[in-house]
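Data block below; observations after.
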Amino acid sequence: MKKAAVADATLRVCESTGCTLGFKEKIEIVKQLDRLCVDVIETAPLLNGKSDILFLHTIAPLTKKCTISCAVPLDDALVELSCKAIGKAAKPRLNIIAPVSAVQMEYHCHKKPDAVLEKIAAVTAKVRATGVETEVSFADATRAERDFLISAVKTAITAGAQIITICDSAGVMLPGEMFEFISGLRKDVPELDELVLSVECADELHLAPACAITCIRAGASQIKTAIGIPGRLELQALADVLKVKGDALGISSALNRTACSSIIGNIANIINGKVLIAAEKKLPESHQGDWKLSGSDDMAAIGEAVKKLGYELSAEDLANVYNEFQRIVQKKELGAKDLDAIVATVAMQVPPTYTLKSFVINSGNVITSMAHVVLLKNGEEVQGFSMGDGPIDAAFLSIENILGRHFELDDFQITAVTEGREAVGSGIVRLRSNGKLYSGKGISTDVIGAGIRAYVDALNKICYEENN
């Protein structure tokens, strides 16, 4: 009978999804998980200073059997602080989160692959030198370039990692694919047989329990779960599978079966309301609720609505928006998205710094999307090439490659403005630069083209304001 360790990541995942728990609520969850006999309780990085440190100090004496694991990003400054904060736990562990897919490396740590490998080596060695049990979790590992993932795993092991976690962060793997992925990785990195191999499966396809079981059969010995967090492997689902099929599969766990349902239910009751609040907060304020605008709304009311969308407009731009609003509202009732499109169309119109000359997209369900974008700047061609998570992401990354800088993508919308196969698509892109929001609009019979044109339109507004 093979024993599978269960690492519950509810507290860590809550923080990363914006689900804010109170101090007492977090303490209660730790107590309940300890009663449940999970092997590991994972907590979030120490991003909130003294309150997070106090939390770790408080839970240290509450758990004698469970390992307390504190997440650490690839940040040297947080390593020493985290080690001191978790040192009083009976079984302390630091979990280094390392992004390894092209998208994650670009957007989460803004580093090239070689720089990421150097950071993994440095941070892992620093954690290991403290004597704390060391785990390295590879975020989005199933979408990483295979050779790079192998190099990253070997780098972490050489630096002293004792636990390696492979994350299917996107939840795109089927059970059979996950089995082959883990089996293949063990062949490519034989050193994994001497360590604890862990997996974290997202539940986008609602197959996370099956994927987790196949990973155990492929050689993994630790499974990461959560409670009440959408898109994550639910602890209850894993417990149910092990209860029904554990003996037949030769897999067991230390979970307290008799109290499993009641304890998980108690934690879920704490989490569920917080998740709903977090989901509402994540929406732009303009899309919370279903507010509508009518022809009786004056310029002051439209100005307030524009502020709700996040824009700061000049008096001239607001007048242009109001005039366009009055023209359209006579034909139909308008909502937040309609106003957003009006702002993108008539506000902050500027002479273009960049114009789109051409783009080439290669995409499919068996290849990584690639984009080659050519822009004109002062009559000269500038071009960028990039891979991404889908054609739109690849195209936007190509433009960032041209610029040599990254903008926060606040929102992206595509809608059809005509009907039929040759329908014209309208794209709206909202970019944030230095805390300010800029929107662009693009129209094309190609939805990708509409998105690229909208991005360039927003980019031109940023360039104009920065240069004037």
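Residues: numbered from 1 along the sequence shown. Predicted model, so just to flag it, every value in this text is computed and none were measured.
For the pair Tyr438/Asp410, no side-chain contact is recorded, criterion being any heavy-atom separation below 4.5 Å from C-beta on. Taking the side chain as every heavy atom from C-beta outward, Glu135 and Val40 never approach each other to under 4.5 Å. A 4.5 Å side-chain heavy-atom check between Asp168 and Phe181 finds every atom pair outside the cut-off. With contacts defined as side-chain heavy-atom distances shorter than 4.5 Å, the pair Phe325/Val306 does not qualify. Using a 4.5 Å heavy-atom cutoff, the side chains of Ile361 and Ile392 are not in contact. At a threshold of 4.5 Å between non-hydrogen side-chain atoms, the residues Ile229 and Cys14 count as touching. With contacts defined as side-chain heavy-atom distances shorter than 4.5 Å, the pair Val123/Asp75 does not qualify. Contact check for Val72 versus Val127: no side-chain heavy atoms found under the 4.5 Å cut-off.
Interatomic distance, CG of Leu33 versus CD1 of Ile267, reported as 4.0 Å (0.5 Å rounding). Glu400 CD to Leu403 CG: the interatomic distance, rounded to the nearest 0.5 Å, is 7.5 Å. Of the inter-residue distances, the one linking Ser369 atom OG with Met387 atom CE reads 10.5 Å to the nearest 0.5 angstrom. Annotation: the span from Ile59 atom CD1 to Lys88 atom NZ amounts to 13.0 Å, rounded to 0.5 Å. In this structure, the separation between CZ on Arg143 and CG on Asp389 is 4.0 Å, given to the nearest 0.5 Å. Residue Ile41 holds its CD1 atom at 7.5 Å from CG of Leu11, rounded to the nearest 0.5 Å.
Checked by atom type, the side-chain pair Ser69/Asn95 shows no donor-acceptor distance below 3.5 Å.
Listed here is the closest heavy atom pair of Ala98 and Val136: CB-CG1, 4.3 Å. Closest approach of Ile164 to Leu195, counting heavy atoms only: CG1-CD1, 4.0 Å.
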Step by step, work out the side-chain contact (heavy atoms from CB on, under 4.5 Å) result for Leu78 and Leu47. CA-CA 9 Å; Leu78 283 177; Leu47 301 179; 4.0 Å; yes

Stepwise side-chain contact (heavy atoms from CB on, under 4.5 Å) check, Val429 with Leu409
CA-CA 8 Å; Val429 166; Leu409 182 62; 3.8 Å; yes

Worksheet item: Stepwise, does the side-chain contact (heavy atoms from CB on, under 4.5 Å) test hold for Arg146 with Asp188?
Response: CA-CA 10 Å; Arg146 186 73 177 191; Asp188 293 331; 3.3 Å; yes

Please step through side-chain contact (heavy atoms from CB on, under 4.5 Å) for the pair Leu185 and Ile150, ending with a clear verdict.
CA-CA 7 Å; Leu185 190 62; Ile150 292 169; 4.2 Å; yes

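Ionic pairing of Glu80 and Lys84 is present here: one or more N-O contacts between side-chain nitrogen and carboxylate oxygen are shorter than 4.0 angstrom. Between Lys119 and Asp76, at least one side-chain nitrogen of the basic residue sits less than 4.0 Å from a carboxylate oxygen of the acidic one, meeting the salt-bridge criterion.
Looking at Lys441, its side chain never comes within 3.5 Å of a backbone N or O of Asp457 through a donor-acceptor pair. Side-chain N or O atoms of Asn460 include one that pairs as donor or acceptor with a backbone N or O of Val456 at under 3.5 Å. Checking side-chain atoms of Ser398 against main-chain N and O of Ser386 turns up a donor-acceptor pair under 3.5 Å. Here the side chain of Thr134 pairs a donor or acceptor atom with the backbone of Val132 at under 3.5 angstrom.
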Can I get a per-line list of side-chain donor-acceptor pairs under 3.5 Å for residues 196-207, giving both atom names and the distance, sequence neighbours left out?
{"residue": "Ser198", "atom": "OG", "partner": "Thr165", "partner atom": "OG1", "Å": "3.1"}
{"residue": "Ser198", "atom": "OG", "partner": "Gln222", "partner atom": "NE2", "Å": "3.0"}
{"residue": "Glu200", "atom": "OE1", "partner": "Arg12", "partner atom": "NH2", "Å": "3.0"}
{"residue": "Glu200", "atom": "OE2", "partner": "Arg12", "partner atom": "NH2", "Å": "3.1"}
{"residue": "Glu200", "atom": "OE2", "partner": "Arg232", "partner atom": "NH1", "Å": "3.1"}
{"residue": "Asp203", "atom": "OD1", "partner": "His206", "partner atom": "N", "Å": "3.4"}
{"residue": "Asp203", "atom": "OD1", "partner": "Leu207", "partner atom": "N", "Å": "3.1"}
{"residue": "Asp203", "atom": "OD1", "partner": "Ala208", "partner atom": "N", "Å": "3.0"}

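Ring orientation note: the planes of Phe396 and Tyr455 are tilted relative to one another, at an angle of 30° to 60°.
Counting non-hydrogen atoms of neighbouring residues, nucleotides and ligands closer than 6.0 angstrom, the CG atom of Asp114 reaches no more than 12 such neighbours. Around the CD atom of Gln162, the shell of radius 6.0 Å holds more than 12 heavy atoms that belong to other residues, nucleotides or ligands.
Every side-chain hydrogen bond (donor to acceptor under 3.5 Å, both in side chains) that Thr10 has, sequence neighbours left out, goes to Asp8.
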